[in-house]
Amino acid sequence: MRFAYYPGCSLKGTGKAYEKSTLAVFKALGLELIEIPEWNCCGATAYMAVDELASEVLSFRNLVLAQRMGLQRVVAPCSACYLNLLKARKAFLSNDPKRERLCSALKRAGWEYDCSALPEVLHPLQVFTEIVGLEKIKERIRRPLKGLKIVPYYGCQLVRPYDGYDDPIYPVKMDLLLELTGAEIISDYPLKTRCCGASLTGTIEEAGVRLNELLITEAKRRGGNVMSTLCALCQFNLEMYQGKMKVNHKMPVLYFTQILGLALGLGEKELGMEHLLYRPSLEV
Amino acid sequence: MKIQRTIKYEGELDRSLLTYLFSLPEGEHIKRCIQCGTCSGVCPLSIYMDFTPRKLVALVREGFSQEVLSSFTIWLCSSCYSCTVSCPQQIPITEIMYALKRKAIEEGAYPRRFPVPVLAREFYRMVFKNGRNSEALLVLRLILKTSLLKALSYMPLGLKLLRSGRFSLKKERISRPSGVRKLLKAAREVKP
């Protein structure tokens with residue numbers, strides 16, 4: 001099975017372990033990811049604050065590039081990229097005046113594309129749980145992760161509000177996937193979709209760091225010894241700002257693809273484990 | 001001490017912002033607000049805001065346009081959509097916040113050197129120029145444009161990134177960013 005791969009800026013920078021582990025897990029599951037050539041930034045939340053149409057045009061360009069590769073599905077691991085791609089796709093398929101403006105902008109810039117077949121947008125979690133299926137993944141588990149007590153943290157943008165494949169407030173798909181690894185899952189974590197503050201950690205630090213502090217303190221209180229994330233920015237905030245919190249919990253914060261990869265028996269190097277500040281302790 | 005009137009006369013109210021919101025898709029949904037406060041309750045940042053989201057909606061509707069545009073509230077919104085998915089009246093609150101940010105930037109109504117709009121603007125420029133965003137370079141631009149003193153507080157973070165092999169000053173760029181620029185310019189030109 002082949003998918004167009006949209007990494008986004010973070011996966012080429014501070015989130016490189018997310019890219020490494022995503023590619024490794026896809027390969028191990030026999031799935032092919034082909035990077036979209038010349039992809040551009042999704043505009044994140046910044047473009048929406050400056051120019052809405054520009055934000056949609058940016059994501060639309062990536063969808064058209066994927067279409068030109070002849071692929072019907074785009075995989076976007078970062079939650080902000082995923083949301084923006086979905087949103088642009090929705091704006092295009094809808095009947096509101098935005099669509100008309102979007103089309104005339106593309107026409108003016110000389111872009112040709114096939115309106116009838118815009119690629120579908122997927123998050124890796126969706127690929128694992130819905131396309132590959134939990135049964136198939138279960139068969140491939142080589143190394144049960146004994147000793148890990150995982151707190152699945154979804155963050156905000158993945159499950160809202162354009163998505164609809166999991167509950168926007170209390171999603172469970174990652175819980176179900178990680179259960180297969182043999183680790184203990186802390187599934188009663190009430191903050192699983194509470195925002196990490198995104199770029200506020202860099203702009204209004206007091207507010208941003210505090211949000212992450214609450215997330216980690218609660219994860220620990222519930223008995224977790226590792227947090228699982230599925231967004232480059234959530235992982236960055238939760239891990240990198242621990243030194244600025246009142247208590248330095250040294251909580252390991254992994255990408256869910258790293259955890260899954262470990263259970264599939266993949267090597268630490270392949271999964272980019274060397275980029276972590278705090279390593280989880282696994283029982284051998 | 002300067003003695004100032006603390007309320008507005010009705011004649012001083014300005015509903016231009018409300019009219020602007022009505023022009024957006026689903027913008028008229030703001031009329032449906034029942035002031036229940038669910039948005040403020042679920043918002044992880046409302047405790048830092050000068051006006052909670054519920055109050056902000058009330059102020060927009062009454063015509064306190066200037067107060068709304070110069071508030072910190074809109075810049076504290078991290079676009080997490082918890083209000084949007086929880087609103088019993090299906091008001092697209094996050095999209096409204098975005099629209100208010102755009103208006104505040106357009107009118108220059110935000111506090112000078114306040115980092116959030118500066119970041120948005122620098123981000124916009126970087127992607128316009130290169131087609132992609134380079135994280136470390138963006139943070140450097142932010143420091144230059146807001147507060148050099150803050151650079152010191154970024155040092156430990158930079159060291160952590162360096163130690164874990166995640167720091168890079170490389171400029172991320174697509175090979176022909178002019179295509180992206182052309183598209184963005186076209187988007188600007190088709191504005192209603």
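Computed from a predicted model, the values in this text were never measured in an experiment. A, B, ... follow the sequence lines: proteins, then strands. Residue 1 opens every chain. What you see below is based on every heavy atom in this structure, not just the backbone, and it leaves out hydrogens, waters and symmetry mates.
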Task: B:Thr84 and A:Arg160, any side-chain heavy atoms less than 4.5 Å apart - done: no
- [ ] Between chain B and each of A:Cys196, A:Ser199, A:Ser10, A:Gly13, count heavy-atom pairs under 4.5 Å; write down the option with the most.
- [x] A:Ser10
Task: Residues of residues 122-132 of chain B contacting chain A, heavy-atom criterion under 4.5 Å, by residue number - done: B:Phe123, B:Tyr124, B:Val127, B:Phe128, B:Gly131, B:Arg132
- [ ] Kindly indicate whether the side chain of B:Leu157, heavy atoms from C-beta on, has any atom under 4.5 Å from the side chain of A:Tyr241.
- [x] yes
Task: Top contributor to chain B contacts, counting heavy-atom pairs under 4.5 Å, from A:Glu205, A:Arg210, A:Lys87, A:Lys107 - done: A:Lys87
Task: Side chain to side chain, A:Thr203 and B:Leu142, heavy atoms closer than 4.5 Å - done: yes
Task: Among A:Gln235, A:Glu56, A:Glu274, residue most engaged with chain B (heavy-atom pairs, under 4.5 Å) - done: A:Gln235
Task: Within residues 42-78 of chain B, residues adjacent to chain A where the heavy-atom gap is under 4.5 Å - done: B:Pro44, B:Leu45, B:Tyr48, B:Trp75, B:Leu76, B:Ser78
Open item on the list: Whether A:Lys12 and B:Glu172 form a salt bridge (side-chain N of Lys/Arg under 4.0 Å from carboxylate O of Asp/Glu) is what I want to check.
Closed with: no
TODO: Name the region of B:Thr146, side chain, backbone, both or neither, that has any atom closer than 4.5 Å to a heavy atom of chain A.
DONE: neither
- [ ] Please flag which part of A:Trp39 lies under 4.5 Å from any non-hydrogen atom of chain B: side chain, backbone, both or neither.
- [x] both
TODO: Give, as side chain, backbone, both or neither, the part of A:Ile169 having an atom under 4.5 angstrom from any heavy atom of chain B.
DONE: side chain
Task: Interatomic spacing from OG1 in A:Thr45 to CG in B:Leu119 - rounded to 0.5 Å - done: 7.5 Å
- [ ] Indicate yes or no for a side-chain donor-acceptor contact from B:Lys160 to the backbone of A:Glu239 under 3.5 Å, with no hydrogens or angles considered.
- [x] no
- [ ] For residues B:Arg166 and A:Thr14, report the shortest heavy-atom separation together with the two atoms involved.
- [x] NE-O, 2.7 Å
- [ ] Give a yes or no on whether the backbone of B:Val180 and the side-chain of A:Arg61 come within a donor-acceptor separation of less than 3.5 Å.
- [x] no
Task: More than 12 heavy atoms from other groups under 6.0 Å of NZ on B:Lys103 - done: yes
- [ ] Could you have a look at B:Pro25, B:Gly179, B:Ser86, B:Ser175 and say which one has the most heavy-atom pairs with chain A under 4.5 angstrom?
- [x] B:Ser175
Task: Nearest atoms (heavy-atom pairs only) where A:Leu53 meets B:Ala187 - done: CD2-O, 3.4 Å
Task: Reported CG-to-CG distance for the pair B:Asn133 and A:Asn40, which is rounded to 0.5 angstrom - done: 11.5 Å
Task: Donor-acceptor contact below 3.5 Å, side chain B:Glu135 vs main chain A:Cys9 - done: no
Open item on the list: Within the structure provided, determine whether B:Glu95 and A:Met48 are in side-chain contact (heavy-atom separation under 4.5 Å).
Closed with: yes
- [ ] Return the option, out of B:Lys101, B:Lys170, B:Lys185, B:Glu189, with the maximum number of heavy-atom pairs under 4.5 Å with chain A.
- [x] B:Glu189
Task: Within-4.5 Å side-chain heavy-atom neighbours: A:Thr193 and B:Ser82 - done: no
Task: Side chain / backbone / both / neither for B:Leu183 at chain A, heavy atoms under 4.5 Å - done: both
Task: Segment of A:Glu100 engaging chain B (4.5 angstrom heavy-atom cut-off) - done: neither
Task: Which portion of A:Leu214 sits near chain B, non-hydrogen atoms under 4.5 angstrom - done: neither
Task: Options A:Gln157, A:Lys244, A:Arg108, A:Arg194, ranked by heavy-atom pairs under 4.5 Å with chain B, top entry - done: A:Arg108
TODO: Could you look at B:Ser168 and say if it's the side chain, the backbone, both or neither that has a heavy atom under 4.5 Å from chain A?
DONE: neither
Open item on the list: For A:His275 versus B:Ser164, what's the shortest heavy-atom pair and its separation?
Closed with: ND1-O, 2.8 Å
Task: Minimum heavy-atom distance between B:Ala120 and A:Ala46, given as atom pair plus value - done: CA-CB, 3.8 Å
Open item on the list: How about CZ on B:Arg176, more than 12 heavy atoms from neighbouring residues, nucleotides or ligands closer than 6.0 Å, or not?
Closed with: no
TODO: Determine the option with the most heavy-atom pairs under 4.5 angstrom with chain A, choosing from B:Ile105, B:Leu24, B:Val116.
DONE: B:Val116
